[in-house]
Amino acid sequence: MNDDNIIIGQNQEVDYGDDNIRTLTGTEHIRLRPGMYIGRLGDGSLPEDGIYVLLKEVIDNSIDEFKMKAGDRIEITVEDNLRVSVRDYGRGIPQGKMIEAVSVLNTGGKYDSKAFKKSIGLNGVGVKAVNALSTHFEVHSYREGKVRKAVFERGKLVSDVTEDTQDENGTYIYFEPDNDPKLFKDYLFHDDIVENMLRNYTYLNTGLAIMYNGRRILSRHGLEDLLKDRMTTDSLYPIIHLQGDDIEIAFTHANQYGEEYYSFVNGQHTTQGGTHQSAFKEHIARTIKEFFGKYEYGDIRTGIVAAIAINVEEPVFESQTKIKLGSTQMAPDGETINKYVGDFIKQQVDNYLHIHSDVVEVLENKIKESERDRKAIAGVTKLARERAKKANLHNRKLRDCRIHFSDTKDDRKEESCIFITEGDSASGSITKSRDVNTQAVFSLRGKPLNTYGLTKKVVYENEEFNLLQAALDIEEGLDTLRYNKVIVATDADVDGMHIRLLIITFFLQFFPELIKKGHVYVLQTPLFRVRNRRTKIRKKQVIADEDTKQSTLNTQQKKSDFITRYCYSEEERLKAIADLGPDPEITRFKGLGEISPEEFAGFIGPDIRLEQVTLHKTDQVQKLLEYYMGKNTMERQNFIIDNLVIEEDRPEEDQYE
């Protein structure tokens with residue numbers, strides 16, 4: 001056999017020679033493998049979607065200028081939710097190397113840590129990815145009365161000019177993400193996601209003013225402001241806010257279950273934590289335990305809401321998107337992160353507690369309350385864990401997937417999700433059409449218990465909740481969470497909405513951090529299927545001739561002309577009717593079980609529609625839960641009566657199958 005050929009299978013032979021070996025430019029490689037550089041793509045509906053990574057990469061460079069005490073304001077404009085410009089007032093990119101700095105991989109000024117000691121990006125990749133993945137990209141460098149301007153299209157330079165200017169020093173970058181179907185198809189920048197990202201920057205850089213579409217965002221108290229803005233329940237004592245060289249922490253306790261942490265490295269929000277967050281959790285519990293001389297770590301941390309930010313020289317992250325810190329040392333030749341964080345907490349928190357006796361009293365009362373709750377359910381907990389352990393061997397409620405969010409080395413762990421469904425009918429359709437690698441299914445038996453006002457004892461006494469907790473593996477916190485997305489998949493009717501509310505109430509009561517960290521979603525499925533009826537009738541009238549194969553070909557040809565639209569709202573239904581012509585066939589999906597597995601595969605595939613469950617301080621969660629899920633039956637009943645809207649029944653549309 002010729003050495004230039006390789007045999008595939010038993011009879012296939014494919015040429016493999018010198019022409020098959022390719023060398024890609026940096027731009028070509030980024031466009032061919034964007035996931036290696038920015039993680040997921042998406043359309044902008046979720047905070048982790050790629051367009052926000054592009055924005056972050058540009059802003060990070062401006063933040064680095066601020067950290068080097070060059071420029072204390074950044075102006076960011078998002079036009080029509082499609083195009084972005086970022087102007088800082090730092091030193092400006094060195095003009096002689098400006099083109100290389102924004103277009104040639106592994107080119108940057110942060111490798112030797114001389115100009116940027118505690119930078120977010122050190123690999124010379126970020127802004128090059130923005131350039132390569134944008135249909136239009138502009139960069140202006142203002143330095144000492146000169147401005148160099150360059151324009152790129154999909155990473156290729158199209159113009160480069162230098163001229164005089166009276167503008168202040170700094171850098172201006174404009175980009176429009178590529179809406180190619182293989183990249184950011186139908187994307188939009190969402191205002192709330194962008195603003196949340198920018199607020200995080202200001203919490204970590206007190207004194208930095210960010211102008212976002214004309215609105216000024218500023219923080220004067222750093223992580224203390226962050227906790228105040230993120231907490232949906234009142235703190236039990238004033239937020240303890242402590243700062244040192246390259247470290248800042250803030251924490252308090254609230255009347256809630258679980259633990260809630262926000263962590264940052266060099267200004268980067270490490271949503272999946274890392275070595276710095278683990279060190280904080282360990283040493284905050286140890287310091288408080290040593291102060292009182294008793295209590296267990298779990299009781300001390302229950303209800304804690306905390307944030308930590310550190311600056312590390314040459315940080316090592318577990319991926320290019322920098323959402324989990326892997327570094328173990330503060331600097332290449334420095335002390336470990338664990339020791340650095342531990343020494344700071346031991347000294348500063350211990351000193352604070354010795355001075356503030358009023359805080360100590362409230363803190364100890366909270367710890368004692370957590371201890372009493374734990375001991376009260378100790379027996380139940382043990383039995384429930386044993387039951388869950390046995391059930392996990394053959395859990396009829398859980399159809400698991402192969403890849404999990406806790407699989408730290410798996411490239412697809414971000415895709416892992418679990419659908420929480422009502423009944424076997426709905427779970428059956430999802431199970432048959434799911435991706436067994438990344439999509440798990442957990443089936444409920446009817447309506448779950450209303451957990452509002454109940455203690456955590458119910459999590460262990462109720463078999464379904466206990467098995468759900470075990471499936472998610474969140475009893476000890478989110479560090480072991482098995483699925484990145486927890487998706488509530490219920491029917492789009494009154495009962496389905498009620499079940500959805502009961503599940504979300506359960507999470508809000510006992511695992512609020514699951515929602516606050518953005519892991520809970522609601523699956524959107526179509527309400528209607530609209531098809532072109534006339535084409536359907538023509539297909540039915542095809543007369544089979546004596547040649548069965550010819551009859552099949554005729555049928556398939558008619559199928560290709562057949563147009564089907566899936567509609568998620570009444571507005572979409574009306575538009576589909578208008579588009580498909582008169583007298584279309586309309587099917588109303590009354591439940592998930594009525595959707596065939598073949599159709600369901602499209603609804604939970606790459607084009608899946610998810611609505612994220614979010615929490616904001618202004619939501620007044622406790623008041624809402626008390627009103628809608630509490631025992632104020634008459635008040636709620638009167639509200640329903642006063643606001644009831646009765647729609648006239650429409651004649652049911654014909655059904656065609």
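- Remark: the His283 side chain and the Asn338 side chain contain an N/O donor-acceptor pair separated by less than 3.5 Å.
- Expressed to the nearest 0.5 Å, how far CD1 of Ile337 lies from OG1 of Thr275 amounts to 3.5 Å.
- The distance from atom CD1 of Ile345 to atom CD of Glu282, rounded to the nearest 0.5 Å, is 9.0 Å.
- The two residues Tyr483 and Cys417 come nearest to each other via the heavy atoms CD2-O, 3.6 Å.
- The shortest heavy-atom contact between Pro238 and Thr252 is O-OG1, 4.4 Å.
- Ala306 and Phe280 make their closest contact through CB-CE2, 3.4 Å (heavy atoms, listed as atom of the first residue, atom of the second, distance).
- Between Ile487 and Ile418, every side-chain heavy-atom pair lies at or beyond the 4.5 Å cut-off.
- At least one donor-acceptor pair closer than 3.5 Å links the side chain of Asp49 to the backbone N or O of Gly44.
- Lys324 and Gln277 are not linked by any side-chain donor-acceptor pair at a separation below 3.5 angstrom, with hydrogens and angles left out of the test.
- A 4.5 Å side-chain heavy-atom check between Thr206 and Asp225 finds every atom pair outside the cut-off.
- Side chains of Ile74 and Leu208 form a contact here, defined as non-hydrogen atoms less than 4.5 Å apart.
- Ring geometry for Phe264 versus His269: interplanar angle under 30°, hence parallel rather than tilted (30 to 60°).
- We find that Arg31 and Asp180 are not joined by a salt bridge, their nearest charged nitrogen and carboxylate oxygen being 4.0 Å or further apart.
- Taking the side chain as every heavy atom from C-beta outward, Val84 and Glu79 never approach each other to under 4.5 Å.
- The salt bridge (charged side-chain N to carboxylate O under 4.0 Å, His left out) check on Asp160 picks up Arg148, with sequence neighbours excluded.
- With Glu260 contributing its side chain and Ile304 its backbone, the two residues share no donor-acceptor pair below 3.5 Å.
- For Asp191 and Tyr212, the side-chain atoms include at least one donor-acceptor pair closer than 3.5 Å.
- Note that the OG1 atom of Thr287 and the CD atom of Gln347 stand 11.0 Å from one another [nearest 0.5 Å].
- In this structure, Arg83 fails the cation-pi test against Tyr174, since its NZ or CZ atom is not both closer than 6.0 Å to the six-membered ring centre and inside 45 degrees of the ring normal.
- For the atom pair OG1 of Thr614 and CG of Asp192, the computed distance is 7.5 Å after rounding to the nearest 0.5 Å.
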Candidate pair Leu478 and Phe511, rule side-chain contact (heavy atoms from CB on, under 4.5 Å), full reasoning: CA-CA 9 Å; Leu478 296 193; Phe511 305 101; 6.0 Å; no
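- The minimum heavy-atom distance linking Thr165 with Asp167 is given by the pair OG1-N, 3.0 Å.
- Glu168 and Tyr89 share no side-chain donor-acceptor pair at under 3.5 Å.
- The shortest distance between side-chain heavy atoms of Met98 and Pro94 does not fall below 4.5 Å.
- Between the Thr270 side chain and the Gln272 main chain, no donor and acceptor come within less than 3.5 Å of each other.
- Salt bridge status for Arg91 with Glu65: present, with a side-chain N to carboxylate O gap under 4.0 Å.
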Verdict with supporting geometry, Arg73 and Asp88, salt bridge (Lys or Arg N to Asp or Glu O under 4.0 Å): CA-CA 6 Å; Arg73 74 185 192 278; Asp88 69 42; over 6 Å; no
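- Geometric assessment of Arg301 against the ring of Phe251 yields a negative cation-pi assignment under the 6.0 Å and 45° thresholds.
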Chi angles and distances behind the side-chain contact (heavy atoms from CB on, under 4.5 Å) call for Gln612, Val520: CA-CA 6 Å; Gln612 190 173 40; Val520 180; over 6 Å; no
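- The number of heavy-atom neighbours closer than 6.0 Å to CD of Glu144, taken from other residues, nucleotides and ligands shown, is 12 or below.
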Worked verdict on Ile59 versus Leu198 for side-chain contact (heavy atoms from CB on, under 4.5 Å): CA-CA 9 Å; Ile59 297 175; Leu198 300 183; 3.6 Å; yes
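- Checking Thr438 against Ser416 by side-chain atom types alone, no donor-acceptor pair falls below 3.5 Å.
- With hydrogens and angles disregarded, no donor-acceptor distance shorter than 3.5 Å links the side chain of His140 to the backbone of Tyr172.
- In this structure, a donor-acceptor pair under 3.5 Å is absent between the side chains of Thr135 and Asp178.
- Asn169 and Arg143 share no side-chain donor-acceptor pair at under 3.5 Å.
- Residues Gln329 and Glu313 are not in side-chain contact: their nearest non-hydrogen atoms beyond the backbone lie 4.5 Å or more apart.
- Between the Tyr187 side chain and the Ile51 main chain, no donor and acceptor come within less than 3.5 Å of each other.
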Worked check of side-chain contact (heavy atoms from CB on, under 4.5 Å) between Lys281 and Glu259: CA-CA 10 Å; Lys281 291 175 62 176; Glu259 307 165 31; 3.6 Å; yes
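- A cation-pi contact links Arg230 to Tyr262, judged by a cut-off of 6.0 Å to the six-membered ring centre and 45° from its axis.
- No donor-acceptor pair under 3.5 Å is formed between the side chain of Asn81 and the backbone N or O of Leu188.
- The main-chain N or O of Asn437 is found under 3.5 Å from a side-chain atom of Asp435 such that the two form a donor-acceptor pair.
- A distance of 7.0 Å separates CD1 of Ile249 from CD1 of Ile308, quoted to the nearest 0.5 Å.
- No donor-acceptor pair closer than 3.5 Å links the side chain of Gln348 to the backbone N or O of Phe344.
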CA sep, side-chain torsions, deciding dist, call: Phe175, His136, ring-ring contact (aromatic ring centres under 6.0 Å, His included): CA-CA 6 Å; Phe175 70 95; His136 187 89; over 10 Å; no
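- Pairing each heavy atom of Leu204 with each of Ala309, the nearest pair is CD2-CB, 3.6 Å.
- The minimum heavy-atom distance between Pro177 and Phe184, with the atom names listed, is CB-CD1, 3.8 Å.
- Glu415 has its side chain out of reach of Asn484: every pair of non-hydrogen atoms, C-beta onward, lies at least 4.5 Å apart.
- Atom CD1 of Ile284 sits about 7.0 Å away from atom CD1 of Ile240, to the nearest 0.5 Å.
- Side-chain N or O atoms of His404 include one that pairs as donor or acceptor with a backbone N or O of Cys401 at under 3.5 Å.
- For the residue pair His519/Glu513, the side-chain donor-acceptor check at 3.5 Å is not satisfied.
- Contact annotation: the side chain of Val312 approaches that of Asn266 to within less than 4.5 Å [non-hydrogen atoms, C-beta and beyond].
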Chi angles and distances behind the salt bridge (Lys or Arg N to Asp or Glu O under 4.0 Å) call for Asp43, Lys185: CA-CA 6 Å; Asp43 61 3; Lys185 180 184 177 182; over 6 Å; no
From CA spacing to verdict: side-chain hydrogen bond (donor to acceptor under 3.5 Å, both in side chains), Asp229, Tyr203: CA-CA 10 Å; Asp229 289 345; Tyr203 296 139; 2.5 Å; yes
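- With hydrogens and angles disregarded, a donor-acceptor distance shorter than 3.5 Å links the side chain of Thr336 to the backbone of Lys339.
- In this structure, a donor-acceptor pair under 3.5 Å is absent between the side chains of His190 and Ser45.
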